[in-house]
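Take a look at the structure below.
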Amino acid sequence: MSDSTNEVKLNQIMQHKGIMSNRSDMIKFVLIYVCTLLVAYSLTIVNFLIFDYQFGVNVYLSIFAVLAVLIATLCIYVVNSRRKLLQKKRTLMAVCFCVVLAYGVNIYLIEWSPYAMSIALCAYLISPITAKRDAFVSNLIVAFMVSFAVTIFRSALGFENVFDILGVTLAGILSGSLASYVVSNNSNRLSFLCWGILFGAFSFLATLVLMFMSIPDFQILNNLKENWHIFVIVILGTVISSQALHPFIEWGFNILTNTRLIELTSHSSPLIARLMEEAPGTFNHSMAVANFVEVCAKAIGENPFMARAAAYYHDVGKLVNPSYFTENQSNNYNPHDELLPEISADIIRRHTTDGFELCKQHRIPMDIANITLEHHGTTVIFGFYSKAKKLTDQEVDAYEYSYHNPTPKSKIAALIMICDSAEATIRSMASPDWERVDELLKKQIEGRILTGQFVNCDITIKELDIVRKTIGSIYGGIFHGRIQYTNTK
């Protein structure tokens with residue numbers, strides 16, 4: 001079978017897998033979407049049963065719950081020019097869930113007091129899990145839908161004053177907007193709490209001034225004086241409750257935040273603990289790769305937490321057959337000496353798919369699991385390819401000695417591909433120095449460009465050059481010449 005035929009076959013297989021994956025993700029999206037809407041509708045029915053309000057009002061509220069999610073999803077789609085959020089369907093599902101949750105919470109808080117509504121809750125829930133624009137848009141949609149629904153709700157019950165709703169909505173929009181662009185995945189718990197309290201207090205004072213300037217009604221001031229303690233509770237409650245809900249959202253939708261990435265790199269994590277015990281050589285190699293990838297990620301503006309976590313797990317598939325990988329071998333025994341090269345290549349090749357399956361079994365997020373599959377792309381396993389050519393006079397098909405995986409789809413996957421091969425190769429060099437390391441890196445990066453390993457990710461030539469220089473400087477620092485000290489007494 002020719003290389004071109006093999007390539008066509010592989011593309012067809014990967015395309016089929018991609019279609020099946022998209023269908024599976026879409027089914028999950030629809031199920032989550034329907035479940036969250038059923039929850040929102042059930043809450044309005046409970047509202048009707050408990051408070052004995054008009055059934056039509058509850059129908060309105062249910063309709064607004066549906067509209068809130070639909071409009072938020074549509075706006076997020078339009079705002080995201082690169083469609084990155086739509087490619088991460090679990091994150092999109094989490095955003096829709098947070099929109100419905102924030103809507104439902106606010107609808108029920110109105111039973112206590114209009115000043116108890118927490119419009120900004122949506123922004124605080126979404127900010128750590130997605131882009132700033134998505135959090136901003138979602139917060140606006142929830143604010144407008146809640147204020148509109150509550151206005152109809154109060155009008156149906158005979159309330160005439162809606163200025164308090166306007167004030168609370170403005171405060172929520174202002175606080176949520178500030179949070180969307182300041183509170184992020186990089187915020188630690190203390191800064192998250194401090195920023196939340198500061199934004200809540202600032203938005204309340206700003207809204208109070210704006211309302212009084214436009215509507216100088218002292219009744220509004222009297223209402224605020226009577227309910228100031230509710231505002232304080234809401235500000236604190238919004239920040240604390242969103243912090244408390246984040247771990248459940250991360251776990252429920254299996255999405256990544258920096259906090260979860262740090263947890264995944266703990267040496268007590270199941271797969272990492274197994275690497276330490278069953279494949280110590282692979283564990284040490286993964287730690288070394290993680291150090292280099294983290295520095296390279298910072299150099300080109302990628303998330304260093306994600307880079308380190310992906311490096312920790314990129315070779316977990318070697319747990320299936322640890323003794324067949326050089327770094328785990330001892331006593332000068334290599335089981336590949338007793339095997340045909342095509343069998344050896346198949347064992348080595350399988351560590352990528354084995355790693356992907358192990359990650360799925362342990363609920364490692366797909367962003368990391370995919371990198372275990374992609375970090376070798378379609379590169380050739382040269383050791384066994386060369387061995388096979390020596391054993392026969394016939395032409396050897398390189399495809400039979402190559403990895404049959406998707407090529408890197410992210411910059412971090414590309415970084416791990418480079419650092420993985422560089423670390424393994426340089427570690428085996430007798431006397432590495434900066435010049436030799438730099439020349440090796442140039443050849444490896446050029447080889448991967450020529451074989452199309454980076455065509456599916458948006459890493460640039462400039463960034464690859466930065467990566468090469470960064471790795472070279474790290475190895476230069478490790479292998480620099482040392483002064484020899486004489487022993488003196």
(Q) If I take atom CZ from residue F283 and atom NE2 from residue H267, how far apart are they, to the nearest 0.5 angstrom? (A) 4.0 Å
Q) Any chance the rings of H351 and H314 have centres within less than 6.0 Å? A)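 Not under 6.0 Å, so no.
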Q: Please check if the distance between the ring centroids of Y399 and H404 is under 6.0 Å.
A: yes
Q: Sorted by first residue and then second, give each salt bridge (Lys or Arg N to Asp or Glu O under 4.0 Å) pair with at least one member in residues 329-345; sequence neighbours left out.
A: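 Qualifying pairs: none.
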Within the 4.5 Å heavy-atom criterion, are [X] and [Y] side-chain neighbours or not?
{"X": "C419", "Y": "C296", "result": "yes"}
{"X": "W251", "Y": "R363", "result": "yes"}
{"X": "I418", "Y": "I471", "result": "yes"}

Q. Should K462 and D465 count as an ion pair when the cut-off is N to O under 4.0 Å?
A.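 Answer for the salt bridge query: no.
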(Q) What I want to find out is whether E250 reaches R260 closely enough, with some N-O distance under 4.0 Å, to be called a salt bridge. (A)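 Here E250 does not pair with R260 in a salt bridge, since their nearest N and O are not under 4.0 Å apart.
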Q. Within a radius of less than 6.0 Å around NZ of K469, do more than 12 heavy atoms belonging to other residues, nucleotides or ligands occur?
A. no
**Q.** OH/Y181: more than 12 non-hydrogen atoms of other groups inside 6.0 Å
**A.** yes
Q. Is there a donor-acceptor contact under 3.5 Å linking the side chains of T282 and D315?
A.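 There is no such pair between these side chains.
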Q: Using distance alone, with no hydrogens and no angle criterion, decide if T379 and Q453 have a side-chain donor and acceptor under 3.5 Å apart.
A: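 Result is no, nothing qualifies.
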Q: Determine the interplanar angle of the H336 and F384 rings, folded into 0 to 90°, and report it as parallel if under 30°, tilted if 30 to 60°, perpendicular if over 60°.
A: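 Because their plane-to-plane angle lies in the 30° to 60° range, the rings of H336 and F384 count as tilted.
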Q | Check against side-chain contact (heavy atoms from CB on, under 4.5 Å), I368 and M306 | A | CA-CA 8 Å; I368 293 177; M306 176 64 185; 3.8 Å; yes
